[in-house]
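First listed ligand is number 1; within each ligand, the first listed atom is number 1. One is the number of the first residue; the rest follow in order along the sequence. Atoms considered below: every heavy atom in the structure, side chains included; atoms not considered: hydrogens, waters and symmetry mates.
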Amino acid sequence: MVLLKMPMLSSTRLLLLSSPCQKLSSLSKAACFHGSGQLLRHVESNQGPLTLASLDPKIDTGKTNRGKNNKIKLETSSTKEKMGEVQPLSSNKFKSVATRKPLESGLGPFNAKSFSELGLPTLLLERLEDEGFKVPTDVQAAAIPTILKNHDVVIQSYTGSGKTLAYLLPILSEVGPLRRKSPDCKDEQGKKMEIEAVIIAPSRELGMQIVREFEKLLGPSDKKVVQQLVGGANRSRQEEALKKNKPAIVVGTPGRIAEISAAGKLHTHNCRFLVLDEVDELLSFNFREDMHRILEHVGRRSGMDVREPKGPTVRRAERQTILVSATVPFSVIRAARSWGNYPLLVQAEKVTTLDSAPISEPVNLSKPSLTSSKTSNLQGQPAVTSLPPSLKHYYCVTKLQHKIDTMRRCIHALDAKSVIAFMNNTKQLKDAVFKLEARGIDAAELHGALGKLVRSTTLKKFKNGDLRVLVTNELSARGLDVAECDLVVNLDLPTDSIHYAHRAGRTGRLGRKGTVVSMCEEPEVFVVKKLQKQLGVQIPACDFVEGKLVMTGEEERTLERIR
Ligand SMILES: Nc1ncnc2c1ncn2[C@@H]1O[C@H](COP(=O)(O)OP(=O)(O)OP(=O)(O)O)[C@@H](O)[C@H]1O
């Protein structure tokens with residue numbers, strides 16, 4: 001079925017693309033993009049580091065590899081291996097389809113103290129300063145120079161660690177009014193502007209959040225350089241705006257972008273950057289057809305077939321492909337290899353090949369298991385990097401009918417100001433809100449079946465602090481950035497560790513304190529234990545007594561004594 005829907009693909013590409021999709025179609029929606037937390041382990045390689053010199057923007061900034069007979073050299077400390085060459089280009093606007101070879105391995109110190117060390121253009125540095133962004137986060141320090149060197153990348157680091165700016169800043173370095181202007185570059189004055197960057201996000205809320213991040217740096221006078229193309233909004237108005245404003249960057253949801261593109265209103269063949277934010281979610285069955293269209297059209301000019309040195313002719317994307325998520329199951333690694341050109345894995349302070357990426361196994365959380373070590377992340381493995389280290393995790397055993405009361409006691413015990421409560425069944429959200437309000441707690445529901453105006457207003461109210469509790473489903477688990485959120489409550493347990501990680505990551509963002517409390521009934525405790533093992537975090541049992549959180553259970557009391 002997949003093969004029939006992609007007649008344009010060469011046989012090589014068909015093979016590469018079809019395997020993840022076959023797998024996806026054979027799994028239930030809930031399971032299809034979720035792997036084990038075990039995947040998230042970083043398998044250290046014993047090969048040499050990727051040196052800063054090889055990526056150091058100070059050595060070779062400017063429009064480095066475009067339009068010049070330019071070589072990208074990446075070194076390992078042991079071999080000083082030559083990594084690849086970039087061929088001269090006919091147009092200086094595009095990077096080569098090039099035979100960049102994979103980085104065999106590499107770790108490097110990326111502890112930049114300021115954005116100015118990362119090779120960003122002056123105008124952009126000034127805007128960062130104005131907006132109060134002073135020091136890059138670890139993942140930004142690793143990702144920005146790597147993307148500026150034209151590498152396809154998979155960016156993986158824990159929730160709230162600043163992955164959005166990690167790809168947004170290199171794009172603004174090359175696209176729009178803040179970009180680096182090379183002396184020989186004729187400005188596009190009077191020339192028809194084309195879409196130069198496409199950013200895809202799985203939800204309307206996340207898409208709009210990314211647009212706001214772009215607009216913040218572009219400023220009011222240039223904010224039309226970026227346009228949002230999210231579902232739920234008026235499509236003809238979006239098409240009119242595209243025609244009128246000629247944005248260089250579009251941010252949107254897969255359905256809407258694919259729709260407008262299929263209608264011939266969005267010309268992305270010459271696009272230079274394709275970003276898939278929350279890529280593991282975008283690989284889910286729901287988005288399959290739209291994602292195929294996007295991947296086949298964005299940055300793909302006709303006549304792009306190239307001959308591999310000793311192989312068949314294959315189609316290569318000319319665009320730079322950037323995949324982003326806190327969780328990188330194997331489906332993402334496989335997709336990156338298929339869609340990208342020798343992509344690198346970028347993590348906080350690390351740039352390595354995808355070979356060193358963790359491998360995922362699907363894990364069924366619904367059955368008790370006596371074998372713990374196979375799925376355990378605690379067996380001598382480094383801590384999982386999808387969860388912020390500052391987070392505290394607990395679970396509380398309570399009867400179904402007492403969950404809202406337990407949550408009320410939890411909120412008071414922790415004196416939580418801004419709470420996101422997750423449930424699995426959308427129909428039950430309203431009831432939970434009703435019960436919370438009856439107990440004097442300002443709450444509202446947020447889910448995909450609500451109208452766009454209600455969704456925007458509710459989110460705005462929650463961000464402004466007018467609502468104490470947002471009761472929601474997986475819609476809000478991905479990417480939602482509310483700095484003030486200090487408590488996440490799982491009123492229903494998530495289906496797996498990847499869902500847990502994204503839900504939990506709505507709190508404790510960018511080094512802030514945050515607590516995650518999962519409510520469950522006695523027979524579900526084994527699920528919490530499995531999550532604990534897969535995620536490599538302690539999730540002790542607790543209860544809320546006389547306005548205080550108290551640890552319960554022998555194991556947890558021991559832990560408390562140690563702490
Ligand atoms: N260098 C920085 N200095 C200060 N604040 C920053 C910096 N980088 C990012 N931020 C802020 O940190 C917050 C979290 O960033 P962001 O949403 O990009 O995280 P993320 O890693 O994408 O999280 P998630 O995985 O949940 O999507 C945002 O409010 C962002 O504006």
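- Between Asp130 and Arg127 there is a salt bridge, with a side-chain nitrogen of the basic residue lying less than 4.0 Å from a carboxylate oxygen of the acidic one.
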When the side chains of residues 208-223 are checked against the rest of the protein, which donor-acceptor pairs come out under 3.5 Å, sequence neighbours left out?
| residue | atom | partner | partner atom | Å |
| --- | --- | --- | --- | --- |
| Gln209 | OE1 | Asp481 | N | 3.0 |
| Gln209 | NE2 | Gly479 | O | 2.8 |

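- Sorted by chain then number, the residues whose non-hydrogen atoms approach ligand 1 to under 4.0 Å are Phe115, Phe133, Val135, Pro136, Thr137, Gln140, Tyr158, Thr159, Gly160, Ser161, Gly162, Lys163, Thr164, Leu165, Glu213, Glu278, Gly479, Asp481, Arg506, Arg509, Leu510.
- Using a cut-off of 4.0 Å between Lys/Arg side-chain N and Asp/Glu carboxylate O, Asp152 and Arg337 are scored as not salt-bridged.
- Annotation: salt bridge (charged side-chain N to carboxylate O under 4.0 Å, His left out) contacts involving residues 159-171, sequence neighbours excluded, are absent.
- In this structure, Arg179 does not pair ionically with Glu174, as no charged nitrogen and carboxylate oxygen lie closer than 4.0 Å.
- Applying the side-chain hydrogen bond (donor to acceptor under 3.5 Å, both in side chains) rule to pairs touching residues 448-475 yields Glu205-Arg455, Thr426-Asn473, Thr472-Ser476, Glu474-Arg503, sequence neighbours excluded.
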